[in-house]
Amino acid sequence: MYKDGTVCDDDFNDYAANLICQEMGFGGAKSWSSGVSGYSSLQSGFPTRLDDVSCSSSDRSFEDCDYNEEDEDCSHSEDVFLSCSRDESADMDLSESDFYMIDSNGRRFNESGKEGLLMFRDGTVCDDDFNDNAADLVCQAMGFRSAESWTSGYLNSTNDRFNIFLDDLNCNSTVTSVEQCSYMIADHNCGHSEDVIIACSNNAKEVYQLWNDGRSWAVGVQVQESEISLPRMTGWLCDDGLTDYTALRLCNEILGTRFGKRAPSGALLEGLPFRTTNYTCHYGDKCRGVAYDEAEFACNNDTERAAVYCYNATEEYEINMQSAEITNPGGKIVLKMRVKYLKEGEVHHLHGDSAKDKISVEYCGRPIKLKGVFGRAGRYKVIGKIRGRPCSQECIRVLIEGVIYHEEGCS
């Protein structure tokens, strides 16, 4: 009612319904309609007072809307019937218990693998900013392991029975609960064609892991049957669809390195088959893969096992000390070592006199005078003379370009 009269449905929409409910002290509109039968005798006792109510997504109160109080061209069959939801002003925080699913008949269900309309409190959820990570977290909030699939659109005519109540649910890859996501309650810029339809699953969870094959990191797939069981290795990732950004995400999330990129692929290892393919990560979203099916995909067992380079600096060295001999008196030191040079995670052996010049050695905190660095392809014998008096703790440090890459006997 408006000023002792009814409201006509011309130009009326969800935004108008929400703002009018909020004007009356409610949190938003639950639903609205017109042409409801059974009230004609009541309606006929009132004039139509408000027509052409037009509100948009940019309006923040009913006063911002356009409407007509002076001239109307309506009958009571066009009167608006409005249902408002409870006052959310004291509870605008999202809770995991707010989510549930309904089927095409509007009935709640909690069944694994079944598709339904995602609901939030008394309304639907818009797909703006919704992503795979949001889908997983919402399903987990409803008691499932993860999301099986999600899309947006109409579930028969079920959507039209409800107002849209949650928008801009944004869950980036770092959050672990839907309560940590950003969102907008009781305010949206969506139509019901954007409502989220989701299917949740209790199937075993896939866990990705990296194994060092000597030159790079092979991408393997583990399966975790339950939250308390340990993951077991089941196969490998095919390199189809693997990008440098996906490699970076794998390195960040599994090994904790700052950088990562795709490495040359290799052959299957440990007698295990391909498990997943087309594994892809998008910025701010959870990574997803497709179950490998030999009838659908044709990954080569000898050449397409995915691999990545993981690293913390664009140039790094690895030193494996084979032996260290110190002669006292005389102050002679002989080191045998293997040195790897890694450029963006890829292994290159040091070789040539110019590379040898990068190596220096400290003994007990003092630089030693090198007589020579002999060898090639990363296999070196370093001979030097110790300056000053011997020390009780024979601490040896090997540096390359002034950076310490190996310490031995140092506390």
Side-chain angles (χ1 to χ4, degrees), residues 1-2 6-24 26-40 43 50-59 62 65-67 74-86 88 94 98-111 114-130 134-135 138 142 149-169 183-200:
M1 302 292 287
Y2 179 80
T6 62
V7 178
C8 180
D9 66 2
D10 291 350
D11 293 335
F12 203 87
N13 57 19
D14 286 348
Y15 302 117
N18 261 330
L19 293 174
I20 289 173
C21 282
Q22 291 168 12
E23 188 81 8
M24 293 187 292
F26 294 95
K30 183 176 181 180
S31 63
W32 71 272
S33 60
S34 58
V36 178
S37 61
Y39 293 90
S40 57
Q43 293 167 271
L50 194 63
D51 191 13
D52 302 323
V53 179
S54 177
C55 304
S56 69
S57 60
S58 62
D59 295 332
F62 180 68
C65 303
D66 295 325
Y67 50 86
C74 305
S75 65
H76 283 303
S77 63
E78 299 173 83
D79 285 348
V80 171
F81 285 76
L82 182 62
S83 174
C84 298
S85 60
R86 65 183 186 273
E88 307 291 345
L94 178 150
D98 290 327
F99 292 96
Y100 58 97
M101 293 180 289
I102 62 172
D103 61 20
S104 57
N105 294 315
R107 292 190 293 262
R108 291 195 186 203
F109 70 91
N110 202 44
E111 182 180 334
K114 181 178 178 180
E115 189 176 76
L117 183 63
L118 180 61
M119 300 294 290
F120 176 80
R121 297 182 187 169
D122 296 322
T124 62
V125 178
C126 179
D127 66 2
D128 290 353
D129 291 336
F130 201 85
V138 165
M142 294 187 290
S149 63
W150 72 273
T151 186
S152 52
Y154 280 90
L155 190 68
N156 293 338
S157 58
T158 309
N159 309 51
D160 292 329
R161 297 165 54 184
F162 305 95
N163 190 29
I164 300 168
F165 209 64
L166 185 67
D167 191 15
D168 299 327
L169 182 63
Y183 50 86
M184 183 69 70
I185 294 177
D187 189 13
H188 68 89
N189 58 350
C190 307
H192 280 304
S193 62
E194 300 172 83
D195 286 347
V196 173
I197 297 171
I198 196 168
C200 299

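- Residues V7 and V53 have side chains in contact (heavy-atom distance under 4.5 Å, counting atoms from C-beta outward).
- The two residues N189 and E194 make their nearest non-hydrogen contact at O-OE2, 4.2 Å.
- Taking 4.5 Å as the limit, some side-chain heavy atom of H188 sits within range of a side-chain heavy atom of Y15.
- Residues forming a side chain to side chain donor-acceptor pair (under 3.5 Å) with D195 (at least two apart in sequence, or on another chain): T124, N159, H192.
- Residues forming a side-chain contact (heavy atoms from CB on, under 4.5 Å) with D59 (at least two apart in sequence, or on another chain): L19, C55, S56, D64, C65.
- Taking the side-chain contact (heavy atoms from CB on, under 4.5 Å) definition, one finds that E111 meets it with F109, K114, sequence neighbours left out.
- Using modelled atom types, one side-chain atom of D103 and one backbone atom of G106 make a donor-acceptor pair closer than 3.5 Å.
- The side-chain contact (heavy atoms from CB on, under 4.5 Å) test with L169 is passed by exactly one of L118, L94, D128, D129: L94.
- Contact detail for R121 and F165: the closest heavy-atom pair is CD-CE2, 4.0 Å.
- By the ring-ring contact (aromatic ring centres under 6.0 Å, His included) test, Y154 pairs with no residue at all, sequence neighbours left out.
- Within the model, atoms CG of D52 and CG of D66 stand 9.5 Å from one another, a figure rounded to the nearest 0.5 Å.
- With ring centers used as reference points, F120 lies 6.0 Å or more from Y183.
- Residues N13 and W32 have side chains that never bring a donor and an acceptor to within less than 3.5 angstrom of each other.
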Checklist entry - Going through the distances and angles, do D79 and T6 end up as a side chain to side chain donor-acceptor pair (under 3.5 Å)? => result CA-CA 6 Å; D79 285 348; T6 62; 3.0 Å; yes
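- From M184, atom CE reaches atom CD1 of I164 across 14.0 Å, with rounding to the nearest 0.5 Å.
- Residues passing the salt bridge (Lys or Arg N to Asp or Glu O under 4.0 Å) test with R108, sequence neighbours excluded: none.
- Contact record, A17 with L82: CB-CD1, 3.7 Å, taken as the closest heavy-atom pair.
- For F162, the ring-ring contact (aromatic ring centres under 6.0 Å, His included) criterion is met by no residue, not counting sequence neighbours.
- Y2 is linked by a side chain to side chain donor-acceptor pair (under 3.5 Å) to E69, counting only residues two or more places apart in sequence or in another chain.
- Nearest approach of D167 to C190, heavy atoms of both residues: OD1-SG, 3.4 Å.
- Side-chain contact between E115 and I197: present, with at least one pair of heavy atoms (C-beta onward) separated by less than 4.5 Å.
- The minimum heavy-atom distance linking M24 with C84 is given by the pair CE-SG, 3.8 Å.
- Judged as a side chain to side chain donor-acceptor pair (under 3.5 Å), and not counting sequence neighbours, D51 has no contacts.
- One N or O on the side chain of Q43 and one on the backbone of H76 form a donor-acceptor pair closer than 3.5 Å.
- Scanning for side-chain contact (heavy atoms from CB on, under 4.5 Å) contacts around S77 gives S75, with sequence neighbours left out.
- Shown here are the side-chain contact (heavy atoms from CB on, under 4.5 Å) partners of S104, two or more places apart in sequence or in another chain: L155, N156, T158.
- Shown here are the side chain to side chain donor-acceptor pair (under 3.5 Å) partners of N163, two or more places apart in sequence or in another chain: N18.
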Next on the checklist: Between M101 and L117, does the side chain to side chain contact (heavy atoms under 4.5 Å, CB included) criterion hold? Intermediate values first, please.
Outcome noted: CA-CA 5 Å; M101 293 180 289; L117 183 63; over 6 Å; no
